[in-house]
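Structure, as structure tokens:
Given the structure is predicted, the values throughout are model-derived calculations rather than measurements.
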Amino acid sequence: VNNKFDDGILFAPSLLGCRTIDEKETEIIGKWISFLESVIYKAELKRVGIKFHPSIALLEKNFIEISSLIKSKLPKAEIYAPKHDVMLLINDYKYILSDVSTVLVQARYFHNKILISKDFGDFPNSSLMKFYDGINYIDPSKSEPLDTDLIANKINHKYKESLRDMLLQI
């Protein structure tokens, strides 16, 4: 079943929690939570799933701390075990939010997904997702809350434009 949770978003950060959780990391976690809340509000989503990178399993203290921070702001969020199969989760959720992540690259091959990459500029190559079709890349200079125009699948727009151009040539 594709999009088991049409009213849901999967948040799959790549490195969040895999570094020392200091003041800077806590600030970035707060920015992610605010951004996630803005997407939930704008898209009127009811379900939130959170899947951290599997390597956070080696940092159990970080996993517990970051999970607690997120649960304090999003108490109904479901936090999946680090080893949970992310492909099953991609299949279940309509909205996928991440930064620089293979999750977004893999999700491009699923139908009817809305893919969002937020770049907080907090590590080298954090802007990499802007080069991928089908991923709504939002750079660090964009202010919150999320502009509803950004929650649109660019592949669908490009497909419609290509189809229109092709029909105009007939």
Side-chain angles (χ1 to χ4, degrees), residues 1-18 28-57 63 66-67 69-71 73-123 125-140 142-160:
V1 176
N2 196 11
N3 290 349
K4 181 175 162 183
F5 305 128
D6 270 343
D7 63 345
I9 185 166
L10 175 65
F11 173 44
S14 62
L15 296 176
L16 202 62
C18 293
I28 291 167
I29 293 166
K31 287 180 180 181
W32 269 115
I33 293 170
S34 294
F35 184 74
L36 181 56
E37 288 173 324
S38 71
V39 174
I40 292 165
Y41 175 76
K42 290 285 187 179
E44 299 177 0
L45 301 174
K46 305 289 183 239
R47 295 180 177 269
V48 178
I50 299 172
K51 168 65 174 79
F52 295 105
H53 192 279
S55 66
I56 201 171
F63 179 68
I66 194 170
S67 296
L69 284 168
I70 290 172
K71 281 291 207 176
K73 294 287 190 176
L74 299 166
K76 294 182 180 180
E78 183 169 353
I79 298 177
Y80 295 96
K83 303 273 183 188
H84 194 100
D85 186 350
V86 75
M87 297 302 276
L88 295 174
L89 296 173
I90 291 170
N91 189 60
D92 286 349
Y93 286 86
K94 181 174 184 175
Y95 291 78
I96 313 292
L97 170 64
S98 191
D99 44 10
V100 177
S101 174
T102 56
V103 170
L104 288 173
V105 174
Q106 292 166 333
R108 293 172 65 230
Y109 297 99
F110 286 74
H111 294 289
N112 302 319
K113 302 296 175 187
I114 297 173
L115 311 177
I116 306 165
S117 173
K118 175 66 175 167
D119 177 6
F120 284 113
D122 57 319
F123 55 91
N125 296 321
S126 62
S127 64
L128 193 61
M129 291 292 110
K130 70 181 170 185
F131 299 109
Y132 287 89
D133 281 345
I135 296 175
N136 297 287
Y137 171 78
I138 302 166
D139 68 45
K142 298 289 181 187
S143 62
E144 313 322 337
L146 181 66
D147 182 354
T148 28
D149 292 338
L150 295 173
I151 302 183
N153 193 325
K154 291 180 182 177
I155 289 177
N156 288 338
H157 290 303
K158 288 184 178 191
Y159 172 76
K160 288 175 187 174

Shortest non-hydrogen contact from Val103 toward Val86: CG2-CG2, 3.7 Å
Minimum-distance pair of heavy atoms, taken over all atoms of Gly8 and Tyr93: C-CD2, 3.6 Å
Set of residues satisfying side chain to side chain contact (heavy atoms under 4.5 Å, CB included) with respect to Ala81, sequence neighbours excluded: none
Whether Phe11 and Trp32 hold their rings parallel, tilted or perpendicular, with breakpoints at 30° and 60°: tilted
Partners meeting side chain to side chain contact (heavy atoms under 4.5 Å, CB included) with Lys46 (sequence neighbours left out): Asp7
Listed partners of Asp85 passing salt bridge (charged side-chain N to carboxylate O under 4.0 Å, His left out), at least two apart: none
Backbone of Asn112 reached by a side-chain donor or acceptor of Lys94 within 3.5 Å: no
Closest approach of Gly49 to Tyr80 (non-hydrogen atoms, all atoms of both residues): CA-CE1, 3.7 Å
Atom pair NZ (Lys76) and NZ (Lys71), whose distance is rounded to the nearest 0.5 Å: 11.0 Å
Set of residues satisfying side chain to side chain contact (heavy atoms under 4.5 Å, CB included) with respect to Leu45, sequence neighbours excluded: Ile9, Val39, Ile40, Ala43, Tyr95
Side chain to side chain contact (heavy atoms under 4.5 Å, CB included), paired with Lys51, selected from Leu89, Ile96, Leu88, Ile79: Leu89
Point-to-point distance, once rounded to the nearest 0.5 Å, from CG of Leu10 to CG of Leu97: 8.5 Å
Contact summary for Lys113 and Asn91, nearest pair of heavy atoms: NZ-O, 3.0 Å
Partners meeting side chain to side chain donor-acceptor pair (under 3.5 Å) with Ser55 (sequence neighbours left out): His53
Within 45° cone of Phe35 ring axis and under 6.0 Å: Lys118 NZ or CZ: yes
Under 3.5 Å: donor-acceptor pair, side chain of Ser98, backbone of Ala12: yes
Pairing residues for Phe110 by the ring-ring contact (aromatic ring centres under 6.0 Å, His included) criterion, not counting sequence neighbours: none
Glu78 vs Ile50 side-chain heavy atoms within contact, under 4.5 Å: no
Side chain to side chain contact (heavy atoms under 4.5 Å, CB included) partner of Lys73, chosen from Ile33, Leu36, Ile29: Ile33
